[in-house]
Structures are given as C-alpha cells and as structure tokens.
Protein chains: 2
Amino acid sequence: MKPLTEKQQEILKYIESRLEENDSPSQREIAAHFGLAQNSVYQLVSYLKKKGYLDDSSIHRGLKLSKEYLDQTKKSGYLPVIGRVAAGLPILAQENIQEYIDVGQTFGRTSDSFILKVAGDSMIDEGIMDGDFVVVRKDSEIPNGQIGVVLINDEATVKKVYIHKNRIALEPANKAGGYKTIYIKNINEDVQIVGRVTGCFRKL
Amino acid sequence: MKPLTEKQQEILKYIESRLEENDSPSQREIAAHFGLAQNSVYQLVSYLKKKGYLDDSSIHRGLKLSKEYLDQTKKSGYLPVIGRVAAGLPILAQENIQEYIDVGQTFGRTSDSFILKVAGDSMIDEGIMDGDFVVVRKDSEIPNGQIGVVLINDEATVKKVYIHKNRIALEPANKAGGYKTIYIKNINEDVQIVGRVTGCFRKL
DNA sequence: ATAGTATATTGTCAATTGACCATACAGCAC
DNA sequence: GTGCTGTATGGTCAATTGACAATATACTAT
C-alpha cells in the first residue's frame, strides 16, 4: 500500500472519523471543512482511491474505506497485554503476551496498538498510576513532551519523551518521588523507541 | 418510543445492517432490496422518523439511526457519555447524552453503565484527573471507601463514598488541593447515589 | 530542461436522490 | 358510514453530488 502525503492523510483521517459516526461526508463537506474547493477534494480522493485506501464506489455520498485499509487497521478492539519483555524478542512476540483486553474503539486505531501494564509510580503526576494500563501505538511519532514507551535493555519504560536528533530525554512525572530524568546519548540496539501512549485506563 | 409494524421493523433492520458496514443506503436501494417502489420506502422511512427511530437528516443518502434508538438498543460496548446533568431529568435522559464511546468489554458489564467526564482535580490522588472519563455502573452498591458518583442538586460528583445508615460522607482525594469532605445527613430528593465507578480512562 | 506528482482553482454537467402530489386499497375503531 | 393508519404505485422536480475539463503553481527526479 503506497504511502500517503500529509494532505492525503489528513483527508483520509477526516473521512474515517466521519464514517465512524455513520455519517458519510460529501466531497463538498470535506472541502468546506478544510477550506478547499470541491475539486481539490475530488483530486485527493482520487489519489486515495488510486492508492487503495478508499474503494471506488462512485455512488453519491458513498465514500468507503477500502477492505485492504480496513484489514490493515483492523478494528477488532482486542489488544494484547504485554507483560515482561523477553530478552531479544520483538515486543509483540507471542511469548510476551499475557492476555487480551477488548477496549473497543476508545483509543482509536487498534491495528498497531497494544497494552502495557504500568509498574511503579513515576508518572503519577500525569494520572498514570501503578497497575494502570496504557495503550501504546507502535511506531507512532512522539511529539516532544508527550508520553511514550521506550525499551531499554528489554525493559519497557513509560515516560515523557523528548527527542533531539539522536538524543533522548526520558522525564518522569512525579515531583514527590525523587525520580530523575534519564538522558540517552545514542539510540542503539539496546534502546528502542516503541511508540506513543494514546490512552490510559484502570479497572476499579 | 412508539412500536413499529412488521414492515417498518424490517426496513429499520435493513438500514441498521447497512449502516454497520458504513454503507448508507438510498431509498431506491432499499426499495429494490424489498421489491418496492421508492415512495413506499419514503413512506416507511417517514414513519420511522416520526416514531423516533431515525433522525431527520434530509441529506441525500444520509439515513441515520436516532440517538434515542441507539440508546435503547445499547450495543455491546457503546456507552453514553453524560454531559451536564439537566435539572429534574433522570441522569440517563436523552438530553444529557453527549456522545457514545465504544469501550468494548474493558470494564465489564455495559448494560447499566455509562460514562461521565470528570471536571476538576478533586480525585487526582486516585489518578482521576480533570477531563478523564469514568465508567459508572448504575445502582451498583458502593463498598465503603470506594469511588462512586453522587448526584447533589443535579450536579454529579465523583468522590470516595462512605455510607453509614442514612448518612453519607464524600471524601475527595487531593491532599494538595484543600478539598474538604462533604457530609450529608439525609438522603433526600436532592441527593441521589448514582453508582460505583468501575473504571477510568483518558485519551492521550 | 523536462517530465511527473501533488495541490489548487473555476466552471459545467448528468446522474442520483429525497421530497412531494395524486391515487388506491385494506384493516380497524367508533 | 366515516375517519385514521399503514402500505403501495406512478410521476415529477429541485437540490445534491461526483465527475471531469482547462488551467496554474510548486516541488522532485532524471
């Protein structure tokens, strides 16, 4: 599946969000939403169809996500819960999966997300407590200062992440706890940026 | 909600099944499917709108299930999100429902649960922050000291709840914030125990 | 330089579509 | 009987809509 440009992604996401509410937008509505001419949308939609993200329905007000795309982004809602990360294995390896939790559509796309059980209280000021579950979107970019998961020596760490060139700062969120920011000079084999935390939940 | 005739039900179910696949049918398509004239469908759809099962969107190819109906059929993990609680209305009244969120099976049984958006930081020590969503199980007993929702003068309050006979204590969880425990002597019309908080989540 | 891709505009058009009218008939309540 | 509801048909129409042409600009790759 060919990659999309920023604009195309923007349009696709908007369409997706509208469709989630069973509300198929017309090209003119999309155009109005982005401040574009209808035919710019027509063009962009054409690209999305050509690249296989939308099905060619040619029905009025009949935009549909393509099977291929739906398949890829699979919306089951069942996410694997990762326990201890076994040395040397990819994080989503069967061996690491403890159970599955059905989170529905609460946290958006689920195809590349998984759940991590939080240990420790280093992020308590962000409302992430010991025993909470965080939803992680794999390989998602982490905007500076947002919460992400980084794998250091097969240990998964949830922290506020700041990336500058090849350096990483992992900042805890617990003023009272005396935790210190971790600085990493080089991203190497032992340090892996896993993804962005897209949600947090706990059962009571 | 007025009852439907057989034919009307048939049409509604067909529309529902099509919408589930993000494929809004036109009246002509429905007509073709049932071997009817377009205007028979127009009539039937009019009835469905009049009886409150469909929303009156008047957009081309814009059939939508009504909020009311979605509420009644309570699908799987779709929970209503309660906004401001309108005075005098039951908490789950249509007027209070802002949207629906699909939480899957994360927080257990869903038939009698709903979601409340938290305002304020009075429960921050329990990891419930301003803007978080809490899942509330209606009419569920609240074991002493557990987090529950109490309605006081049409204001929903999330607090640790202690009940002793006819007295209630609502204890905040924010040492720093200077919140005080609320004591209520009598459970009366203005004070309603809504239910237990069975979960908390936030989108990041 | 040249070609291709991506984005954007204005204008036009035919197909799709919901709405509405007139009409008809069957069942039911009063 | 009379009126109401529900179902059904055919015909018509204006609004909505996707498609497409002609054109322009910016960027990238060759």
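Chain letters run A, B, ... following the sequence lines, proteins first and then strands; every chain starts at 1.
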Close side-chain approach of A/I115 to A/F201, heavy-atom, < 4.5 Å: yes
A/V161 and its side chain to side chain contact (heavy atoms under 4.5 Å, CB included) partner, picked from A/I193, A/I168, A/V197: A/I168
Range on DNA chain D touched by chain A, heavy atoms, distance below 4.0 Å: D/dT17 to D/dA21
Along DNA chain D (nearest heavy atom to each residue), the more 5'-positioned of B/K7 and B/I59: B/K7
Separation of atom CD in A/Q9 from atom P in C/dA6, rounded to whole Å: 13 Å
Interatomic distance where CG belongs to B/L36 and P belongs to C/dC25 [whole Å]: 19 Å
Aromatic plane relationship, B/F34 with B/Y14 - under 30° parallel, 30 to 60° tilted, over 60° perpendicular: perpendicular
Atom-pair distance (NZ on A/K50; P on C/dT7), nearest Å: 11 Å
Rounded distance in Å - CG (B/D55) to P (C/dG18): 16 Å
Identified side chain to side chain contact (heavy atoms under 4.5 Å, CB included) counterpart of B/V136 within the set B/V158, B/V149, B/T198: B/V149
Exam field: side chain A/R196 to backbone A/Q146, donor-acceptor pair closer than 3.5 Å: no
Salt bridge (Lys or Arg N to Asp or Glu O under 4.0 Å) between A/D132 and A/R202, worked out: CA-CA 5 Å; A/D132 280 10; A/R202 97 185 47 102; 2.8 Å; yes
Rounded distance in Å - CZ (A/F34) to P (C/dA8): 10 Å
Side chains of B/E16 and B/Y69, donor plus acceptor under 3.5 Å: yes
Any N/O donor-acceptor pair, B/R28 side-chain to C/dG18 base, under 3.5 Å: yes
Side-chain donor/acceptor of A/N174 to backbone N/O of A/D121, under 3.5 Å: yes
Within 6.0 Å of NZ in B/K117, more than 12 heavy atoms from elsewhere: no
Side-chain N or O of A/T5 closer than 4.0 Å to phosphate OP1/OP2 of C/dT7: yes
Rounded interatomic separation in angstrom, taking OH from A/Y47 and C1' from C/dT7: 8 Å
Nucleic acid contacts - residues 38-45 of chain B versus DNA chain D, non-hydrogen atoms under 4.0 Å: B/N39, B/S40, B/Q43, B/L44
